[in-house]
Structure formats: C-alpha cells, structure tokens
S.K.: 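Okay, here's the structure, questions in a sec.
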Number of protein chains: 4
Amino acid sequence: MSDKELIDELFNNADGLTEKQKQIIQAAIESFAEKGYASTSTSEIAKKAGVAEGTIFRHYKTKKDLLLSIAAPAMAKLIAPFVIKDLDKVLNQDFERFEDFLQAMIENRMKFLNKNLTLFRILIQEIPFQPELKAQFKEHIASKVVERFLKVITHYQEKGQIIDLPPYTVIRLVASSIFGYLIGRNLLFPELDWDDQVEIEKTVNFIMHGIAPKK
Amino acid sequence: MSDKELIDELFNNADGLTEKQKQIIQAAIESFAEKGYASTSTSEIAKKAGVAEGTIFRHYKTKKDLLLSIAAPAMAKLIAPFVIKDLDKVLNQDFERFEDFLQAMIENRMKFLNKNLTLFRILIQEIPFQPELKAQFKEHIASKVVERFLKVITHYQEKGQIIDLPPYTVIRLVASSIFGYLIGRNLLFPELDWDDQVEIEKTVNFIMHGIAPKK
Amino acid sequence: MSDKELIDELFNNADGLTEKQKQIIQAAIESFAEKGYASTSTSEIAKKAGVAEGTIFRHYKTKKDLLLSIAAPAMAKLIAPFVIKDLDKVLNQDFERFEDFLQAMIENRMKFLNKNLTLFRILIQEIPFQPELKAQFKEHIASKVVERFLKVITHYQEKGQIIDLPPYTVIRLVASSIFGYLIGRNLLFPELDWDDQVEIEKTVNFIMHGIAPKK
Amino acid sequence: MSDKELIDELFNNADGLTEKQKQIIQAAIESFAEKGYASTSTSEIAKKAGVAEGTIFRHYKTKKDLLLSIAAPAMAKLIAPFVIKDLDKVLNQDFERFEDFLQAMIENRMKFLNKNLTLFRILIQEIPFQPELKAQFKEHIASKVVERFLKVITHYQEKGQIIDLPPYTVIRLVASSIFGYLIGRNLLFPELDWDDQVEIEKTVNFIMHGIAPKK
DNA sequence: TATGAATGAGATTTCATTCAT
DNA sequence: GATGAATGAAATCTCATTCAT
C-alpha cells in the first residue's frame, strides 16, 4: 500500500511503469536494503516480486541497471528541495532566523527520510561501490547542494547570526549533527524510544549554540 | 611494510600467524574495503595474496570466517581505549575540563583511524549486513562504550561544565560531530585539503559551545 | 530407447519432466550405478546427459536431491505390488497353493528387476549411506511389505502348507533364497550362463521343501 | 581395546605395524564402514586417528592404497578356513553328516563376522566399485572357495545326503540362506532381538530339508 | 619418522543473462 | 509482454597429495 505510493511518488507515473515493474522495483528495494545489492540475486527479486526471472531483464538490461534506476531518482528526490532553482531567495525571505530555516529543513527532510528509509539505506550502502552513483552523488551534493548551502550560510553570517567560520566548516558541523541524529535514530538504534519532537529541538539548540557568533 | 605493521599490531602475532596468513589478511582487507565483502571473490584475494585459493580455506573455514577474523579484532581495537576498566577514574583526574578530555580523545582515536582507515571502512560497510558483527557492535558499543561515556558525561555535568541534558543526548551530539568530521574527512572527501589541526579545534569549539550550560 | 521407457514408467510423465530432465535422470542413473553416488561428479552427469551443469541444479537443488528423486520412486515401484491394498485377499484366492504364489511372485518381480537392474543396484548401494533412504526403506519394507507377507504366510500356515515356524523366520528364509538368486544372477556373476526357467524352479523347490510342514 | 586386538589379529604383527599405523587403520575402518570409502576424507581419518594428515601418506601411497591394505587381508581372513589346502579331506572325515559340517561352518564364520562386522561391511560396499577388490574377490571366492565347496557338495551327494542337483545350484542355495541370515541379522535389522541359537538351527533345518534327496 | 602448511585440480553450487515459446 | 528453462562462467569450497621442517 504505502509501498505503492512510495514508488508512485518516486517514479512519477509519468514514466509509465507497468504493474510488474512496480512489483520488481518494490522487491528490489526491500532486498537491496536488507542484504545489500551484491548479495541479492535477481531470482530472489523475481520471486519476491511474483514475476518470472526473465521479466526483470525485459525492463532492465542488467542487474546494475535496476539498481541505478532505483538509486538515481532516490538521490534526486532526496536533495530536490535544496536544488530548487531559487532556494536561496525563497529561503532568505521566508526565514528571518537561521534557526527557523534549520528547523524547517530538518522537519521536511526527516519526514521524507522516515518515509524512504530503505532507499536512504541503499544509497549510503551502495554509493561507495558504484562509481556511477558516486559520480552522481559528488555532482549533486558536492556541487549543487553545497553550493546552495554556501550561499545560505554566508547570508546568515552576514546577518550576524552565524559565527565567522569558513562556510564549508559550518556546513560540515551542521550536517554532522543532523545526519548523526538521523542515522542513530533510524539505522543504528531504531528499537529505542525516540521523542523526535524533543530530540530535534535539542539538536537545533546544540547547533545554534555551537555556531553562535562570539559575543 | 606499514601494512605488515598494521596486521602485526592488530593480530598481535602472539596468535602465531603464518607469513601466508598475513598476506591473505592483508589482501582481504584491501579488497573488502575497495569492493565490499560480497563483491570480492576468494580467488581474487588468493591472487593478490600470492597464495593458492585452497590456502585461504585451510586457515578460514569459510569466506565469512575470513571477514569475521578481520572485523572482530578491528572493532575491539577501535574501542579498546574506551573499555579500559578504569577509564573514568583516570580521565576524570587527568582532565580538569571536558574540553581537554575531548581534545585528547579525538586526537588519539583519529590517529588510530587514519592508520586503520581501511579497517574502519570495512566495519561500517559490513556491520549492517553481518548479524554477527552487528551483535558484537551492539554489545560492545551500545553497552560497554556508552556505559563509560555516560559516567564521563555525568561527571562533567556535575562539575557544571556540560548542559543538563539527558547524557544519551549529549553523547549523540558529541559523537555525531566527531564521526561527522572523520567520515567527511576520510571517506567522503579525502581528496580535499584538510587542515586537521584547525578543523579539530573548530569542531571542539563547536561542541563545547553547543553543550555549554546555560549561563 | 528402453531407457526412456524405463524413465517414463518410473516417473509417470504425469510429473511433466522436461526432455532435459529425463536426460539428466538417465545419465545420473547410469553413473550412480556404475561408480556409486559419491564418486560420480555432477559435471560428469551433465556431460553424459548433454546439458549444462547449471541445468542439473535448476531442477535439483543439490546433488543429493537428484539421488533421492531417483531412489525414492524406484523403491516405491519395487515394492508396489506388495503394497496393493488387498494383496492378501487377491492372492489367497488366486493361489490355492503357496508354491504357485511363490512362483508368480518371483517371476513378476524378477522381470521388473531385470528391467530395472541399475536402479536396484543404486538402491542397495546407497541405502546404507543415505539416512533418508534408509528411513524410507525401513518404513516401507519393514512395516508395509513385511506386514502383508506376515498375513500371507500365516494364511498358508493355517492351510497346513507351511511349517509352523514364526512367520518372520519363514519370510527371512524365503526372501534370502529369492534375493540370493537375484543378486548372484544379476550382480555377482552376470557373465555366467543362467537358465532362469530351471533355476527358478529349483529355487522354488528348495524353498518348498525347506518350509514344508513335518509330516 | 578389542579394536586393537582385531587389528593385531588381522594384520599379524609380523607386518610390524607402528602404533600410528594401527590408529590410522582403525580410524579408516570405522569411517569407511560408516560413510563409505568415497565419502571419507583422509583428513577425517587423520583427525580420528590422532595423527597428522601427512602421516597417512607416509605409510600408504594413496588413499586407495589404504583401502586395499585393509580390504585385502580382510577378504583373505574371511575365506581362510575354506582355502586351507586339505579342507576337503579334513572335513569329510570330521563330519559324517553334511548337517554337522554346515552347523560347524556357520558357527565358525558367524563368530568371525560378528567380530569383524565393520570389515565385512566395507568389503561388500566397496567390492562393486574397486576393480582390484573385485578381481581378488572373483579369484578367491569364485575359484578357490567355490572349487573347494564343489568337492564338498559332490562328496555329500555321493553319500546320498544331498539331492542330485548341479553342485553350483546347491552352493547358491546354501550360501543364500546363510548370508541372508547374516545380513538381515547384522546389517538390516541389527536392532531386533535375534536368538542366534534358535535361528541358526532353523536355518540349518531349512537348508537340510531344502536339499534333502528325494525319497 | 612425523608433521601440518601449502597446493591445485576439481567438486558443488550460484547466478546474471539469453532465448524459444 | 511475459515466461521460465537453459546456459556457462565464475564463485565457494573440498580434498588427496606433496614437501620443507
């Protein structure tokens, strides 16, 4: 159910995916996340998807094709909000304080990640091994996203809300805190009782104090 | 050379490893880190190690055995300093300020990680897929290490040097900042020019401000 | 030719065996009988069957699976006539004299064995080593077949045609004589000139005198 | 203990077997009987024998050598009593009646078999697959033993104690009854309660009636 | 003599991919 | 489009045998 929606959202039906294709993608996502790309066999995916082995290769020339057809759009969606052409303008006007920007951003992306945890998992697990993914990642994150954020950081630095450090360093520190929370919460210790509301607030506070300008 | 030292250090040759065994382990470490455990074939390891494929299986019953025989001690070494029985006592007395403790700890573990980057890589890549490793990780990190750190945090909280948050949250925030740096520096963007001295100092400052008690 | 018939008969093509599957089974039967299960390699079977080695494992998960898929139905067919629900009734009415029953039985099973000698060979060679087969053997022979025979023997004992010994003993003596002939004739000294007609008659005589009631 | 005696008896110390050699042979006998020659690995034998793998090959050039060095003397011992040069003379004089001869023979060989059951097992399991063993078997049994027995049978036929059938046939019938008992008793259903005394007597009776001359 | 590490040929098994139906 | 039997290359693993110590 929610699985279908996920796929529908990720691969905007525009692409015109068959019912079978969706089943295949769904099965692949589950298996890749659980056992890793290399340890998942196509026959396994076929079985879980309820299709014949050959059907997979009718839609995806190779197994790696299947992986890429999942990972690439996932990565795109993940960073989409940061790539919107005029993010900077919009944001700057919407959020007087960096703190509010931060809060909004975390909440937005966290919702997304919670919904797409498996995809996120696949990404961080496979990027190190798939040159194509690594390239995409570098191109998108390293250039596009970071580039936007640099502007955002500089903006708030100019407003005197952020300490006068190299923007790269600020980004690193902020990103570490956020991803640290996401990974701990969702991947390392998902079985613990997390009060998102509270933890996010504390994380934002931590960041804000950490990067507050010297008085 | 430095490879041999690494292995010697990790598998205290007390264990009495054959020359060939060392070659095998060395080759396995390299390949696992580079291509991942599942995508590394034993024939590849054998070739790189300059031994017959059968030799691998004489020393390690299965391929997974080989992985575990590398990962388990690596994990142990990685967290060793935090498990030293009286870490807390020692530390508390040695470091008047949490900041100094932090500084020392980061430098110590960073040196270790820089030397053993490949092993660290293997660990974070394979722990999600190897139940045995996951179990060890949980047992050691989650219980032993966290337990020690809880005491340390509480100690400095009582001294009024750390904000009065749940110690778990403090640990998370501190750990995120540190690992965020290590991963960014070593795994994500190793090709960039990092000034460790400076970055560490800034990270420590960030943390200290972030967890400073409210005045 | 006669090979195909054999297989068709044994694995009533109801089972829907592929042409390749039949070839595999045929090749396996030949090789197992000739060299024994453990000494027959799957690559050998594949070559003899004219299929790729992978094809074997598409149909039979393991090599042992292949053995069992041959041996189990063979055993079933071998003892089928003795398990027909109302064997006893039928036989008792059809054969006034035990001698006639014996004669009929030997001829019937001997024809079958001559046709399926290789299968019989595999059975007696592998049953001692394959717990699954041993279990089936005990369950079918020891319980089902022996049970029927007990009734038959008792029946003819009551008619005064057989000496008043424990039926188990009678069965053992009769079975020894029959299998002794079959094994000597077919397995030990197949190169000799056997006059089945005569030998069977003599064997039946031997048995009949051996178990004749005391006058 | 009794194992050592067995080996001592079988390989008359004359051969001068080392302690290690005995252990090897003992281990091999056990494993061959239990799992079959082909499915027993030399490393397994070495472990069970408590010696190094290399030690086996110091004493026996190949694995098959080891098998033959066990099987050949076992076969020899098994049929020894029937090959004693003047068996016929001796026997004829010792036993007025064929029945007594039979009784004595069964008892003698049965004791031996009970003591050497594992060896017997190995023989009947491996003879079909080992040309060398098959040759020895044919040579010894088919020629030597049968030859002797032919004379014995003929002798008692001339005395009018045995029906006037082809001696080969008589041998087959007698042998079937005896081996049928041994195999059923020791190999097929060793878990049942057998009263040897009684069963042997009945078997002898069965044979004697079966081959009694027509009145 | 005994050892056991090392070998390499070969055994079993897996699996991505193709293709006839 | 979908199927699933077939493939064959490669992966993991086994094992008899050798040889330096």
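Lettering follows sequence order; numbering is per chain, from 1.
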S.K.: Hey, is the side chain of B:T18 poking within less than 4.0 Å of OP1 or OP2 on E:dA5, counting only N and O atoms?
M.R.: no
S.K.: Whether C:K64 engages the ring of C:Y37 as a cation-pi pair (distance to the six-membered ring centre under 6.0 angstrom, angle to the ring normal within 45°) should be assessed.
M.R.: no
S.K.: Choosing from F:dA16, E:dT13, E:dA11, which nucleotide comes nearest the side chain of C:T62?
M.R.: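 Looking only at heavy atoms from C-beta outward on C:T62, the closest nucleotide is E:dT13.
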S.K.: Please report the distance, rounded to the nearest Å, between CZ in D:R58 and P in F:dA16.
M.R.: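 So the CZ-P distance, D:R58 to F:dA16, works out to 18 Å.
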S.K.: Please compare C:Q21 and B:K61 by the position of their nearest nucleotide in DNA chain F and report the one closer to 5'.
M.R.: C:Q21
S.K.: What does D:S39 touch in the nucleic acid at a heavy-atom separation under 4.0 angstrom: a base, only the sugar-phosphate, or nothing?
M.R.: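 No contact at all - D:S39 keeps every heavy atom at 4.0 Å or more from the nucleic acid.
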S.K.: Within this structure, what is the CD1-to-C1' distance between B:I45 and F:dA11, rounded to whole angstrom?
M.R.: 12 Å
S.K.: Among C:N116, C:I122, C:I124, C:T118, which residue satisfies the side-chain contact (heavy atoms from CB on, under 4.5 Å) criterion with C:F120?
M.R.: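 Among the candidates, only C:I124 passes.
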S.K.: B:S39 vs A:F129, test: side-chain contact (heavy atoms from CB on, under 4.5 Å). Steps then yes/no.
M.R.: CA-CA 9 Å; B:S39 304; A:F129 299 137; over 6 Å; no
S.K.: Below 4.0 angstrom from OP1 or OP2 of E:dT1, is there any side-chain N or O of D:H59?
M.R.: no
S.K.: To the closest 0.5 Å, what do you measure between CG (B:L68) and CD (B:E132)?
M.R.: 5.0 Å
S.K.: Reckon B:S41 touches a base, only the sugar-phosphate, or nothing at all at heavy-atom distances under 4.0 Å?
M.R.: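 Result for B:S41 = sugar-phosphate.
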S.K.: Measure NZ/B:K63 against P/E:dT12 and give the value in whole Å, please.
M.R.: 21 Å
S.K.: Assign each of C:V51 and B:T55 to its nearest nucleotide of DNA chain F by heavy atoms, then name whichever residue's nucleotide is nearer the 5' end.
M.R.: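 The residue mapped nearer the 5' terminus is C:V51.
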S.K.: Under a 3.5 Å limit for both distances, which nucleotide forms a Watson-Crick or G-U wobble pair with F:dG4, could you say?
M.R.: E:dC19
S.K.: Kindly say if B:T42 contacts the phosphate of F:dA11, meaning a side-chain N or O under 4.0 Å from OP1 or OP2.
M.R.: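 For F:dA11, OP1/OP2 do not have a side-chain N/O of B:T42 under 4.0 Å.
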S.K.: In whole angstrom, give the distance that lies between atom CZ of B:F57 and atom P of E:dA9.
M.R.: 17 Å
S.K.: Tell me whether the side-chain N/O atoms of B:K20 come closer than 4.0 Å to OP1 or OP2 in E:dT7.
M.R.: yes
S.K.: B:F137 vs B:M75, test: side-chain contact (heavy atoms from CB on, under 4.5 Å). Steps then yes/no.
M.R.: CA-CA 8 Å; B:F137 172 76; B:M75 204 149 74; 4.1 Å; yes
S.K.: Would you mind reading off the distance between B:K35 atom NZ and F:dA11 atom C1', rounded to a whole angstrom?
M.R.: 12 Å
S.K.: Expressed as a whole number of angstroms, how long is the span from A:K22:NZ to F:dA2:P?
M.R.: 13 Å
S.K.: Specify the separation, in whole Å, of atom CZ of A:F32 and atom P of E:dA16.
M.R.: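 My rounded result for the distance is 9 Å.
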S.K.: Nearest whole Å is fine: how far is F:dA10 C1' from B:E53 CD?
M.R.: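 Atom-to-atom, B:E53 to F:dA10, this comes out as 10 Å.
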